[in-house]
Amino acid sequence: MKRHIITAGALILTASLLAGCASAGGTDKNEKKTLDSFSCDAEGIYVIDYYADYKMDEYLAANIKTVEDFDAWMTTNLTHGVPTGDIPEMGCSSFASVSDGGDHLFGRNYDMYECDALVVRTDPEDGYASIGIADMSHMNLGNGGNYDITDESSRPLLLAAPWCICDGINEKGLGVSLLQLSNEHVAEDTSNGDLLLYVAVRVLLDKCANTGEAIDLLGNYDMYSGKPYSFHVFITDSSGRSVIAEWDEGGLVIVEDDAVTNFLLCSGKSDNDMRYTKIHKKIDGVSALTSEDAMGVLKFVNQGACWSAVYDLEKFSVDVCFNADYTKVYSYQGSSLT
């Protein structure tokens, strides 16, 4: 496989970014620095280093329960009034394994349909640094969105990027991914604060150092899917503990497993398309996988993946193949942004 090592600055779109800032009424210096970092590595593949404040505390205080309220919050607080898009549908798979060098690997397919992908690096003052991948259609950009990437008026939509990642890892070795379910939507209702399931990836990567902390955090919120269907969350860490957080009949259920696809594990529903079974056949009993081996597992079960990502929890890095093209591997390194 041909490997592309990605460095910041490839094909920087500075002129249009600055014009977009001006059309949106101006940005602060960290927003400008963020937008200046936006680059294109290949058609449909983009990278951004996020230096601005994406308002984690404000989001959590807002107690958002619906997708509509979430998108309105981003439009008001982040994107300078430019409207974001709808949460995309996703048919996905995730697993955890150990590399031949002893590192813990986290594999993720993001399936379903073509989209433009954005690799997002963050390092918030009050949270852990992370690297993750976002479907840009939720930012209303590119394939599936209403704005072309090069449209100057669309530039502020990039400021929603941290909230739109679907999988990622943080500097402490925690990995998280979101996977869609066909079962009934989740809507808990207690005295806890409210958290939209779609943004659980962002909150967990910012706030939690390991799987146990992630479980505790999810248990302290009322969760809402905000859609007619639901989601579950795959969580793994560098100790090797992997779980799936699910919500069945209104309550949080933790399933200890190192693979997951798109059916509710806690209810014993069947693995209709056999992807879950196929992943376990590839990883069970195997003492170590190379990153290439892990990518091969993702290739084996992909359904036309927009991206297939193999994260290394110790190296704080990710290898990614886009649009089910497994002949090209793009490598990204997480970093502390200054």
Side-chain angles (χ1 to χ4, degrees), residues 50 52-79 83-90 92 120 122 124-128 130 132 134-135 138-140 159-168 170 174 176-235 243-255 264 266-267:
Y50 205 97
D53 179 8
Y54 47 89
K55 304 182 187 301
M56 173 65 70
D57 290 342
E58 290 88 337
Y59 167 79
L60 292 175
N63 287 316
I64 292 171
K65 302 179 182 180
T66 70
V67 172
E68 293 77 15
D69 286 347
F70 174 52
D71 288 334
W73 181 86
M74 288 196 295
T75 300
T76 301
N77 290 278
L78 297 175
T79 66
T84 56
D86 194 12
I87 289 176
E89 294 187 4
M90 58 192 82
C92 310
V120 184
T122 65
E125 290 185 1
D126 57 351
Y128 299 123
S130 71
D135 179 339
H138 188 201
M139 286 172 269
N140 216 0
L159 297 173
W163 293 101
C164 299
I165 64 168
C166 301
D167 48 77
N170 69 19
L174 182 76
V176 186
S177 63
L178 188 74
L179 300 97
Q180 185 173 316
L181 295 168
S182 60
N183 61 298
E184 188 173 324
H185 71 282
V186 173
E188 296 185 295
D189 186 16
T190 72
S191 59
N192 290 333
D194 300 322
L195 183 62
L196 198 63
L197 252 172
Y198 181 78
V199 301
V201 176
R202 173 78 278 145
V203 177
L204 293 174
L205 292 180
D206 274 35
K207 301 289 187 181
C208 301
N210 55 53
T211 298
E213 290 184 9
I215 294 169
D216 289 343
L217 185 148
L218 293 175
N220 287 328
Y221 282 92
D222 284 348
M223 306 301 295
Y224 295 83
S225 63
K227 303 290 277 185
Y229 49 83
S230 188
F231 304 93
H232 52 186
V233 183
F234 182 72
I235 307 167
V243 304
I244 298 90
E246 301 185 330
W247 287 262
D248 190 31
E249 297 183 358
L252 172 64
V253 180
I254 299 299
V255 178
L264 200 64
C266 70
S267 69

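Each residue takes its place number in the sequence, starting with 1.
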Under the side-chain hydrogen bond (donor to acceptor under 3.5 Å, both in side chains) test, which residues partner Thr211, sequence neighbours left out?
Asp237
Which heavy-atom pair separates Asn220 from Asp216 by the least distance, and what is that distance?
ND2-O, 3.1 Å
Where Leu252 and Ala245 come nearest, the two heavy atoms and their spacing
CD1-CB, 4.0 Å
Close side-chain approach of Phe231 to Val233, heavy-atom, < 4.5 Å:
no
Residue pair Tyr221 / Val203, side-chain heavy-atom distance below 4.5 Å:
no
Approximate separation, where rounding is to 0.5 Å, of Leu179 CG and Cys166 SG
9.5 Å
Flag side-chain contact, heavy atom, 4.5 Å: Asp167 against Phe234:
no
First locate atom CG of Asn210, then atom CG of Leu174, and finally report the distance between them rounded to the nearest 0.5 Å.
7.5 Å
Taken to the nearest 0.5 Å, the spacing of Ile244 CD1 from His232 NE2 works out to 7.5 Å
Minimal heavy-atom distance between Thr79 and Ala160, with the atoms involved, is CG2-CB, 3.8 Å
Is a donor on one side and an acceptor on the other found under 3.5 Å between the side chain of Asn170 and the backbone of Cys208?
yes
Side chain to side chain contact (heavy atoms under 4.5 Å, CB included) between Leu159 and Tyr50, worked out
CA-CA 8 Å; Leu159 297 173; Tyr50 205 97; 3.7 Å; yes
Which pair of non-hydrogen atoms, one from Cys164 and one from Met139, has the smallest distance, and what is that distance?
SG-CG, 3.7 Å
For Asp194 and Tyr224, indicate whether the former's side chain and the latter's backbone hold a donor-acceptor pair under 3.5 Å.
no
Would you say the side chain of Leu204 lies within less than 4.5 Å of the side chain of Leu218, judging by non-hydrogen atoms?
yes
I want to check something: taking the side chain as every heavy atom from C-beta on, are Trp73 and Lys55 in contact at a cut-off of under 4.5 Å?
yes
Can you give me the closest heavy-atom contact between Asp71 and Gly85, atom names plus distance?
OD2-O, 3.0 Å
Ser230 and Leu197 have their tightest heavy-atom pair at OG-CD1, 4.1 Å
Measure the shortest side-chain to side-chain distance between Tyr59 and Leu78 over non-hydrogen atoms and say whether it is less than 4.5 angstrom.
no
Would you indicate whether the side-chain heavy atoms of Val67 and Tyr198 approach each other to under 4.5 Å?
no
Close side-chain approach of Asp57 to Asp126, heavy-atom, < 4.5 Å:
yes
Decide yes or no on side chain to side chain contact (heavy atoms under 4.5 Å, CB included) for Glu213 and Leu217, but give the supporting numbers first.
CA-CA 6 Å; Glu213 290 184 9; Leu217 185 148; over 6 Å; no
Salt bridge check, Arg202 against Asp206: does any charged N sit closer than 4.0 Å to a carboxylate O?
yes
